[in-house]
Structure formats: C-alpha cells, structure tokens
Amino acid sequence: MAPSPTGPLHIGTARTSLYNYLFARHVGGTYVLRVEDTDVARGTPEWERDIIDNLHWLGISWDEGPQVAGGEDIGPHAPYRQSQRMELYAGEAARLLESGHAYHCWCTHEELEAVRREQERNHEPPRYNGRCLRLTDADRASFAAEGRKVAIRFRVPAETIRFDDLIRGEVEFDNSLLGDFVVVRGDGMPLYHFVVVVDDQAMAITHVVRGEDHLSNTPKHIALLRALGYREPRFGHIPLILNPDRSKMSKRKEQTAITAYREQGYLPEAMVNFLAFLGWSPGTEEEIFSIGELAERFEIGDVHKAGAVFDKDRLDYLNGVYIRALTDAQLALRLRPYLPAILDDRSLLRLAPLLKERLVRLADATELAAFLTESDAQVGAMYEADLLVPKGRSAAETAPALSIARDTLAGVTEPDFASEELESLCRAAADAHGWKAGDFFRPIRVAVTGRTVSPPLFGSMELLGRERTLARIELALARLSA
RNA sequence: GCCGCAUUCGUCUAGAGGCCUAGGACACCGCCCUCUCAAGGCGGAGACCACCGGUUCGAAUCCGGUAUGCGGUACCA
C-alpha cells in the first residue's frame, strides 16, 4: 500500500489498505507500506501521522515500512518514504536517458498549454507533440542559455499493452494513443508514474492492489518498467467508493476522513467489517466478521468489479451491532472520552448497560447521559411545564400523580434507592391511583432527565441518587402548579 | 473528443446455463414486546437481472451492439 500524505486517511484509501492487508495475510505474503511523498506542495508530516495512526487504529498492520509516523522505517528495503530515495530515482532516470527511452524536454508550461489548446480546437487528443524529441544541439544550447528548466520525458513505445488484472481479468490498451509523459520535473522532482515503478522493483513488490482510478495508468507503468528491464508485478484494481449520486466519493458530499468517524465513536471493528463488504462478500449470508476472519476468507479475485455507494445507514447498523456485543466493562472504557470526567469509573460501569442498546455511535452517550452531570436547575430549565403532562391527561391530574411519585420515592432511603426497588414501588403506586404505568412514569422522566427520551428511568434515578432525584421532582411540581 | 472499466431491489450484495415465479442484509412500512427511546421478534412492500439482438431445448449467467455511469487522458497522486 502506498498512500500519499496529502490529506487525512480517506475512506477509500482505508479500504484499499484493508484489501491489501487481507490479501497479503490470506496468501501469507509480505505487506509493505510506502509513503508516496513526492508531492511536496501538498504533502505534510501531519497527514502522514494521521494516515499511519488511523491505519493502526483500524487494526491494519504491515511487515515493512514506517511503523510509526516520523519513526524508523523497518524492513530490508528501507527507506520507505519516497522523499528519502531521490538518488535511486535520479540514477534510474539517467539510465532511461542513456538507453534512449527518455529525453530532455525544454518546453515551458505556457508552450505546453498553447499546444493543448490548439489540439482541443482541432478536436485532437491532447497529448505531447514530441517537439523536444527533434531538437538540434543548437536549439538545446539556446534553451539552456535562456535558463530554461529541463524536464525528462519518457518516450512511450507505440505498442499494445495487455495484462491480466487480478480482479478484472484481461485488459488491453493501445499505448500509441498516449503522449510522451514527464518522468522528472524541471525542478528535478521525479513524478508518480515513474517513482512508483522504480520503487516496486526496488522493494520487490509482486502484487499491486490499488484503486480503479489507476487502471488507465497501468499501461504507462508497464511500458516504463519494460524500458527499465524490471520484472512485472501482478496488478489488481479495486472499484471506487461512490457518493450517493454515484460519483467518486469526495469530501464535498460525504465525510471521508477516517478520523472523523473515529471521533464520533465508530468502532474500528465495525468500520473494518463495513469496509470489507463494500465491494466484497464471502459468498455466504454471514455478515459479522473480525479482521482475522476476513483475512481467512478474503479472495482478491472475488472482489466486485463495480463501484459501491458508501451506505452510512449500514455502517450505523453495524456499529450498533458491535457496541451491543461489548461487555459492560469494555463499553465503559470506550465511553470514557465521551463523558465528563466527574463521572468516575464506577459510574461509567453502571451506566454502560443502560446505554448499550441505545448507542449508534459512542458519541451519542454524551447526550444520553447529560442529565447526570447537568445541575438540577439546568434540567428544570430544559422543559416547558406541559411537557410533564402525559397525552390524554391534564396538568391538574398530573401534579397530584407526580407528588405521589415524590412521596413514594422519598420513602426509600439511600442504600435501597435502586432500580428494581424503585420500579416496583412506582408501579404499585400507579396502580393504586388508577394510572397506567407508562403515563405515570412520564412526568417523572421529564422531571428527572429534562427530556422525554432517556435511558431506562429507574436505572437513571439510581445513578442520579435519591437527593437529586427528589430535588428535580420538587422543581417539576413547582413548575406544574405555577 | 479519445481510451478503459462497469451495469441484479433505494443501498451493499448472493448468483459462474436449468436449484431463480432471483436469496440475504441495511433502509422503509405494519404488527408484537415495552416506562420513553432503543434493542429484539414476526410479517410486508421493493429488481420485466440497463436496453436490443444473437447462441442454446433452456440465459441474470455466454457472445455482439446500444445506452448510461464512472475513471483516465497533468512538470497531482
């Protein structure tokens, strides 16, 4: 896998990494991570950190490459950052030049732009016109005297390139349709199509699994690698992840940074399961898999050929499944970052089972548990008095019911102020006064949590404690009679 | 424009000539359960397998063409 640190880890890159990982693990191969940081204008070390950290977070590990952002490269082919391999590229570019497979190009951006416009006007394919291929020594000398920067262009052989894609099967391209492309920029910086081929050879890469957007680039890579006398790896192109309108997934239309999902409390296990099934399926009706189980089952040849729309509803569903599968202790631990520090570990452990079935994302816990740390006054200010009144009842009926509830609860002293005890007493009270339990509980819920939707009432009251519970009901009573 | 890839319920997919009057999951709708919300259970609706033609006794599955979508076509990756 060879991400470019020009942005945070993208959903699509994450899935490509996952497929690479699953493929390598499944066949017992070596998984290499290489950082493609040749785009100095856009790349930054912070993005590299984001990519590596989030790959680790997903549970994806690699055998060679930088294991930690900014850390040491591990593996027999180090370094694994392209910015540190410049001598290699320079040497290989020189070889290309010597063998006549490449030539110097003195064209300026303006000249290139003019040619392109001309071609567009004549409805010709926009490609390099080969001017610098036919330069005289005098031309070269005068360009040099002008102080022009010189780029290196690969001379693309006019031939048909055929390869057997791991996912798509036989694919064929006519390279005579390609223009000669630049391999080293005027400022000496080697370009993607070139370095990727040089590094694949240097790092003994046998299988290249990448996004479908590279399918059309592959004939360039093959031409280049043949000119350099390299052995040809197998290529596999996985389909793109799409926006709901079926265009290539972009941050304009969808949240694409893995970090963003991580922050909202999607579990890495759910993310991996979800991503794996975006374009692949084990062919059975099972759908919950750990990353290890996926590696066992994953066949690169079974990857679907068409693009897949990112279906957030399904991710949400899967995340819920994974959250519910957590033990209370595990959930409490994962909930820590989303809840106020004043809630101690013991409270979290007691809170976990109340929230477990209600969480789509861990971050949802913040709102669901807010009533625990809000002040009594804050909670009291959250609702209008009529919110206390159940449907079909009046405020005049609700006030006495709530005061019965208050008296009932007040009768329980602290060590016994626990969920089951409270529930049975309240149910009995409701019954005794001719109220349906649900209606009777409504004003209590609103009084105690400030909301009509809350975690289970009696567990909530237990966590809140006797004093605060009663204070809040008292407040509600005052609101009702006002 | 040119080149390439793709096309099964709204979405992710199963399907590799008869097992398909096309299966599952998410989402949606209804019912049940129920202290709210969820979760769970049961059920429903939803795909003329893009279209046209061919091969075959028989095609979602094989072959052509068309359409549509996407990708590539940079001194970005």
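Here is how names work: the chains are called A, B, and so on, in the same order as the sequence lines, proteins then strands, and each is numbered from 1.
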- Item | Nearest atoms (heavy-atom pairs only) where A:Ile152 meets A:Ala102 |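 Minimum heavy-atom separation between A:Ile152 and A:Ala102: CG2-CB, 3.8 Å.
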For residues 425-439 of chain A, which side-chain donor-acceptor pairs fall under 3.5 Å, sequence neighbours excluded?
unit_1: A:Arg427; atom_1: NE; unit_2: A:Glu423; atom_2: OE2; d: 3.0
unit_1: A:Arg427; atom_1: NH2; unit_2: A:Glu423; atom_2: OE2; d: 2.9

Are the side chain of [X] and the backbone of [Y] linked by a donor-acceptor contact shorter than 3.5 Å?
| X | Y | answer |
| --- | --- | --- |
| A:Thr469 | A:Gly465 | yes |
| A:Tyr261 | A:Gln255 | yes |
| A:Gln84 | A:Arg81 | no |

Between [N] and [M], how many Å separate the two [atom1] atoms, rounded to a whole number?
| N | M | atom1 | value |
| --- | --- | --- | --- |
| B:C33 | B:A6 | C1' | 46 Å |
| B:A59 | B:U68 | P | 28 Å |
| B:C28 | B:C2 | P | 44 Å |
| B:U61 | B:U8 | P | 12 Å |
| B:G65 | B:U7 | C1' | 15 Å |

Give the rounded distance in Å between these two atoms: [atom1] of [X] and [atom2] of [N].
| X | N | atom1 | atom2 | answer |
| --- | --- | --- | --- | --- |
| A:Glu287 | B:G23 | CD | C1' | 13 Å |
| A:Asn319 | B:C26 | CG | C1' | 14 Å |
| A:Phe173 | B:C3 | CZ | P | 12 Å |
| A:Glu172 | B:G4 | CD | P | 8 Å |
| A:Arg168 | B:A6 | CZ | C1' | 7 Å |
| A:Asn273 | B:C26 | CG | P | 13 Å |

- Task: Could you check A:Tyr80 against A:Arg34 for side chain to side chain donor-acceptor pair (under 3.5 Å), going step by step and ending with a plain yes or no?
- Result: CA-CA 5 Å; A:Tyr80 290 92; A:Arg34 177 172 75 221; over 6 Å; no
Could you write [range] as a row of B, S and -, 5' to 3', where a protein heavy atom under 4.0 Å of any base atom gives B, of only sugar-phosphate atoms gives S, and otherwise -?
| range | value |
| --- | --- |
| nucleotides 34-48 of chain B | -BBBBSS-------- |
| nucleotides 72-77 of chain B | SSSBBB |
| nucleotides 7-13 of chain B | S---BSS |

With a 3.5 Å limit on both atom pairs, tell me what [N] is paired to, counting Watson-Crick and G-U wobble, or say none.
| N | answer |
| --- | --- |
| B:C49 | none |
| B:A16 | none |
| B:A67 | B:U7 |
| B:G1 | B:U73 |
| B:G58 | none |
| B:G30 | B:C42 |
| B:A22 | none |

- Mind checking A:Val360 for me? I need base, sugar-phosphate or nothing, with any heavy atom below 4.0 Å counting as a touch.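 Result for A:Val360 = nothing.
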Show each protein N/O and nucleotides 62-68 of chain B N/O combination with a separation under 3.5 Å, one pair to a line.
none

Ignoring hydrogens and angles, state whether a donor on the side chain of [X] or [Y] is under 3.5 Å from an acceptor on the partner side chain.
| X | Y | result |
| --- | --- | --- |
| A:Asp180 | A:Tyr103 | yes |
| A:His237 | A:Thr218 | yes |
| A:Ser454 | A:Arg445 | yes |

- Message: Counting the benzene-type ring for Trp, do A:Phe163 and A:His221 have ring centres under 6.0 Å apart?
- Response: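 No, the ring centres sit 6.0 Å or more apart.
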- Are the aromatic ring centres of A:Phe310 and A:Phe274 under 6.0 angstrom apart?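 Between A:Phe274 and A:Phe310, which both carry aromatic rings, the centre distance is below 6.0 Å.
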- Message: Can you tell me if A:Glu420 has over 12 outside heavy atoms packed within less than 6.0 Å of its CD?
- Response: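 Count not over threshold, so no.
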- Message: With a sphere of 6.0 Å drawn around CD of A:Glu384, does it hold more than 12 non-hydrogen atoms of other residues, nucleotides or ligands?
- Response: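 Atom CD in A:Glu384 is not packed in, count stays at 12 or less.
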- Message: Applying ring-ring contact (aromatic ring centres under 6.0 Å, His included), can you list everything that pairs with A:Phe181, at least two apart in sequence or on another chain?
- Response: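 Residues passing ring-ring contact (aromatic ring centres under 6.0 Å, His included) with A:Phe181: A:Phe154, A:His193.
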- Message: Quick test of your reading of the model: are A:Arg297 and A:Glu286 salt-bridged, counting only N-O distances below 4.0 Å?
- Response: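 A salt bridge links A:Arg297 with A:Glu286.
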